[in-house]
Amino acid sequence: MKKLKILLVIADGLGDRKVEALGGQTPLQKANKANIDSLLRSSLVGLMDPIGPGVVPGSDTSHLAIFGLDPRKYYKGRGSFEALGAGATLNEGDVAFRGNFATVDNDLRVVDRRAGRKIEEADDLVKELNSKIDEVQGVKVRFYHGTEHRVSLVLSGDNLSDKVSDTDPHEIGKRVLHSEPLDGSLNSKRTAQIVNDLTKRMFEVLSKSKFNEKRESEGLPPANIILLRGASVHTELPKLKDYTQLSSAAVSATALIKGVCKSIGMEVITPPGATGGIDTDYIAKADAAANLLKDHDLVFLHIKATDAASHDGKALEKVKAIEMIDKAIGKVLDTFGSDIILLFTGDHSTPVELKEHSGDPVPVLLYAPVNIAPDSVNSFDEISVRKGSLKIVGLNIIDLLLNYSNRASKYGA
Ligand SMILES: O=C(O)[C@H](O)COP(=O)(O)O
Ligand SMILES: [Mg+2]
């Protein structure tokens, strides 16, 4: 049988609950998504628990699971993925963190965990930090900007440890936390001290920065601190090509996701216009995915906008993002028609009213134009897909893709 190409589309934080501002509908119910709906005639649909029922996934653990790697075995922390995705090279012993440009008051109490989210001056601020703080206690310090408020920090030197707690309090109104050692080792104690010293120095530099003066004069929240979380060292992961035989490429603008994809050996593309935000160029991403499908077996298209809208509690922006994803999917299918299979889902639910990830299952659609006895479901949303046949966890996805693209091999003799 002909081996089919595979398009995997993940709308970050796609799943949701009934939203009051949408008249009690979910964003997926509200969105006009003619292309996705037209796939239902040849699709299986249902619900996916990215990790397991009720488990609240991070985007890192859920993506690992979706790519077939059990996060309980392979996940060792977020920071190294963020740093790799933001362009860092990690050497043995380096400790990497995810950072948020944030706004704090003089008491280091958090006013905005994302300093307004869209920070035009982020690259300049990162440059300023790199020029003014290149070492702390003999340890080399490097900052990298990802997208919007997202930063990563890499510490390089002897005797460092990733067993240190976050400085990000994860809540507005709380003070920036002291990093604490998470085990009894001297290295953890020393690393926590470095992180705390560095936090003071970042505040000194950023609160005096001319780029923040400019922001404040424009009525924007200053990006006057970086909240740190998810310390990790780099660990080698199995490569997708080795455990699936698939050649693969990813289209994403989001550092964390790019880092996960790079770690499993995927080629990663960020086309011009892809911002990782609500203002991303969806069609440029669709075109890049279509182009990569020509010479890869599996192409992964990641869209962050749905999750960003959810974290900000913006229901209508989430609806708009879903409508744009529908157009992007239509664009790729116009080119490849029945020569590909497509799986569309989210990496977790981020209900807009909750503004945070939840453990709710996520709708999943598997379109296979030639191989499927389809489900009789005529809308793709959290409620309708309950009548579909898929009740899966993230770790099942790779096997489903291999099976319906005629690439699976027999388990047993
Ligand atoms: O957008 C992201 O990077 C995360 O999913 C959420 O992180 P934040 O709450 O720190 O913005
Ligand atoms: Mg996510």
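Numbering of ligands and ligand atoms starts at 1, following listing order.
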Between Leu198 and Leu155, is a side-chain contact (heavy atoms from CB on, under 4.5 Å) present by the stated rule, with each step listed? CA-CA 10 Å; Leu198 180 58; Leu155 302 179; 4.2 Å; yes
Apply salt bridge (charged side-chain N to carboxylate O under 4.0 Å, His left out) to the pair Asp112 and Arg117, showing each step before the final yes or no. CA-CA 9 Å; Asp112 183 338; Arg117 187 181 282 282; over 6 Å; no
The test is side-chain contact (heavy atoms from CB on, under 4.5 Å); show your working for Leu333 and Ile340 and say whether it passes. CA-CA 8 Å; Leu333 286 171; Ile340 59 169; 3.6 Å; yes
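Closer than 4.0 angstrom to ligand 1 by heavy atom are Arg78, Arg98, Asn100, Arg113, Arg114, His149, Arg150, Arg229, Lys304, Asp307, His311, His357, sorted by chain and number.
For His63, the ring-ring contact (aromatic ring centres under 6.0 Å, His included) partners two or more places apart in sequence, or in a different chain, are Phe300, His302.
Residues Pro169 and Leu227 meet the side-chain proximity criterion, which asks for heavy atoms closer than 4.5 Å. Between Thr275 and Asp281, the closest side-chain pair of non-hydrogen atoms is not below 4.5 Å.
Donor-acceptor pairing under 3.5 Å is lacking for the side chains of Asp16 and Thr26. There is a side-chain donor-acceptor pair under 3.5 Å between Ser384 and Asp381.
Of all protein N/O/S atoms, those under 2.8 Å from the Mg ion (ligand 2) are Asp12 OD1, Ser59 OG, Asp347 OD2, His348 NE2, and waters are not counted.
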Side-chain donor-acceptor pairs under 3.5 Å in residues 39-58, sequence neighbours left out?
from  : atom 1 : to    : atom 2 : distance (Å)
Arg41 : NH2    : Ser38 : O      : 3.3
Ser43 : OG     : Leu39 : O      : 2.7

